[in-house]
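We number each residue from 1, following the sequence as shown.
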Amino acid sequence: MYILGIETTGAFASAALLEDGAVRGYVKGTDRFSHLQNLTPQIAGVLKEGGVSLEDVDAIAVSRGPGSFTGIRIGVSTARALSQVTGIPCVPVSSLEALAMSAADNWGGIDGTGKAEKDVLVCPMLDARRNQIYGGGYFVTGSRPEEVIAAGPYMLDEFMAETDEYDSILLLGDAVDRYGDMIAELRKSGVVIAPETVRYQDAVTVAKLGMEMFVREGGVGYNALEPDYMRMAEAERKLRQQRKG
């Protein structure tokens with residue numbers, strides 16, 4: 001089974017080709033937010049590296065958000081176009097869930113065994129500006145992350161409060177870079193920051209999670225593929241701030 005993975009919700013676009021879970025092609029851009037120029041050549045490159053044509057692909061896994069609004073639109077639109085032309089089904093993947101899965105797949109883990117310990121809460125956090133984040137909390141000991149803090153838009157302090165009942169949390173995502181000092185103030189202990197090698201969105205994990213979802217649930221047609229911007233409405237943001245004040 002061949003799965004094409006597309007990731008454009010972060011600063012660097014990437015594409016990956018998996019065959020039965022093994023990486024056959026992979027490329028990640030080096031220019032920040034150059035997705036429009038880079039993505040199509042990246043897809044062509046991973047197919048060539050894997051020695052297959054697009055028609056050989058069984059499903060297209062695409063990160064549908066949250067993340068960069070422009071990036072989401074580019075990735076989803078590209079997957080839709082490829083699916084419409086070829087009839088290949090799409091698998092919409094949460095960028096937060098894929099980030100959580102990357103902690104299990106690619107990082108040594110707090111216990112040094114290759115996976116995070118079962119009681120470590122993995123928290124992907126993406127910057128939504130104005131002290132807001134897109135975040136969620138997951139346990140990653142199974143084949144797919146288990147969501148225990150609902151993925152959604154949060155004020156930073158609200159999300160960190162959601163983690164209080166967990167002794168150890170692992171943080172990923174670009175919100176860690178922007179709000180690191182505030183996070184340290186809000187939570188004094190039990191915080192581990194994922195290394196940069198696995199901190200950000202990547203097409204390999206999107207493809208791996210997409211394969212898991214495709215096997216269990218199947219895919220969707222191009223016209224059913226929708227982005228997930230997950231933006232907190234401005235009125236809601238102001239209301240929350242007023243309540244705190």
With sequence neighbours excluded, give me every ring pair (Phe, Tyr, Trp, His ring centres under 6.0 Å) pair touching [range].
range          : result
residues 39-68 : none
residues 43-90 : F69-Y229
residues 40-60 : none

Exercise answer: donor-acceptor pairs, residues 214-223 side-chain atoms, under 3.5 Å, sequence neighbours excluded:
{"from": "R216", "atom 1": "NE", "to": "E212", "atom 2": "OE2", "distance (Å)": "2.5"}
{"from": "R216", "atom 1": "NH2", "to": "E212", "atom 2": "OE2", "distance (Å)": "3.1"}
{"from": "E217", "atom 1": "OE2", "to": "R144", "atom 2": "NH1", "distance (Å)": "2.9"}

Between atom [atom1] of [X] and atom [atom2] of [Y], what is the distance when rounded to the nearest 0.5 Å?
X    : Y    : atom1 : atom2 : value
L17  : D56  : CG    : CG    : 9.5 Å
I72  : S63  : CD1   : OG    : 7.5 Å
L54  : L82  : CG    : CG    : 5.5 Å
C123 : I149 : SG    : CD1   : 5.0 Å
I3   : I60  : CD1   : CD1   : 9.5 Å
Y2   : D58  : OH    : CG    : 9.0 Å

Query raised in the report: Transitively linked via ILVMFWY side-chain contacts under 4.5 Å: F12 with V198?
Result: no
Report task. Without swapping roles, check the side chain of E97 against the backbone of S94 for a donor-acceptor pair under 3.5 Å. Result -> no
Query raised in the report: Distance-only, no hydrogens or angles: does the D228 side chain make a donor-acceptor pair with backbone N or O of R64 under 3.5 Å?
Result: no
Query raised in the report: So F139 and V120, side-chain contact (heavy atoms from CB on, under 4.5 Å) or not? Walk me through it.
Result: CA-CA 7 Å; F139 289 128; V120 173; 5.9 Å; no
Query - side-chain contact (heavy atoms from CB on, under 4.5 Å) involving A151 - partner list, sequence neighbours excluded - result: L96, Y138, E147, M230
Requested in this report: List in chain and number order the residues that pass side-chain contact (heavy atoms from CB on, under 4.5 Å) with V93, two or more places apart in sequence or in another chain; answer none if no residue qualifies.
Outcome: A61, V91, A98, V206, L209, M213
Report yes if the side chains of [X] and [Y] come closer than 4.5 Å at any heavy-atom pair, otherwise no.
X    : Y    : answer
T8   : S68  : no
I133 : L126 : no
L121 : L170 : no
M101 : V122 : no
P89  : S83  : no
V192 : L171 : no

Report summary line: So the side chain to side chain donor-acceptor pair (under 3.5 Å) pairs with at least one residue in residues 170-189 (sequence neighbours excluded) are D127-R178, D127-Y179, T163-R187, D177-R199, D177-Y200, E185-K188
Indicate the atoms forming the closest heavy-atom contact of [X] with [Y], along with that distance.
X   : Y    : result
G5  : A207 : CA-CB, 3.9 Å
S95 : Q201 : CB-CG, 4.4 Å
L99 : P124 : CB-CB, 3.8 Å

Could you pull out all donor-acceptor pairs under 3.5 Å where a side-chain atom in residues 38-50 meets a protein atom, sequence neighbours excluded?
{"from": "N38", "atom 1": "ND2", "to": "S34", "atom 2": "O", "distance (Å)": "3.3"}
{"from": "Q42", "atom 1": "NE2", "to": "A13", "atom 2": "O", "distance (Å)": "3.1"}
{"from": "E49", "atom 1": "OE1", "to": "Y26", "atom 2": "N", "distance (Å)": "3.3"}

Query raised in the report: What do the steps show when you test I74 against T78 for side-chain contact (heavy atoms from CB on, under 4.5 Å), and what is the final call?
Result: CA-CA 6 Å; I74 292 170; T78 300; 4.2 Å; yes
Query - salt bridge (charged side-chain N to carboxylate O under 4.0 Å, His left out) pairs, two or more places apart, involving residues 74-95 - result: R80-E226
Query - Pairs involving residues 4-28, ordered by first then second residue, that meet salt bridge (charged side-chain N to carboxylate O under 4.0 Å, His left out) (sequence neighbours left out) - result: E19-R24, K28-D202
Query - Test log, rule side-chain contact (heavy atoms from CB on, under 4.5 Å), inputs L156 and Q132 - result: CA-CA 5 Å; L156 178 62; Q132 300 175 72; over 6 Å; no
Requested in this report: State which residues pass side-chain hydrogen bond (donor to acceptor under 3.5 Å, both in side chains) with E196; sequence neighbours excluded, sorted by chain then number.
Outcome: none
Report task. Could you walk me through whether M125 and F159 pass the side-chain contact (heavy atoms from CB on, under 4.5 Å) test, one step at a time? Result -> CA-CA 9 Å; M125 300 167 56; F159 182 77; 3.8 Å; yes
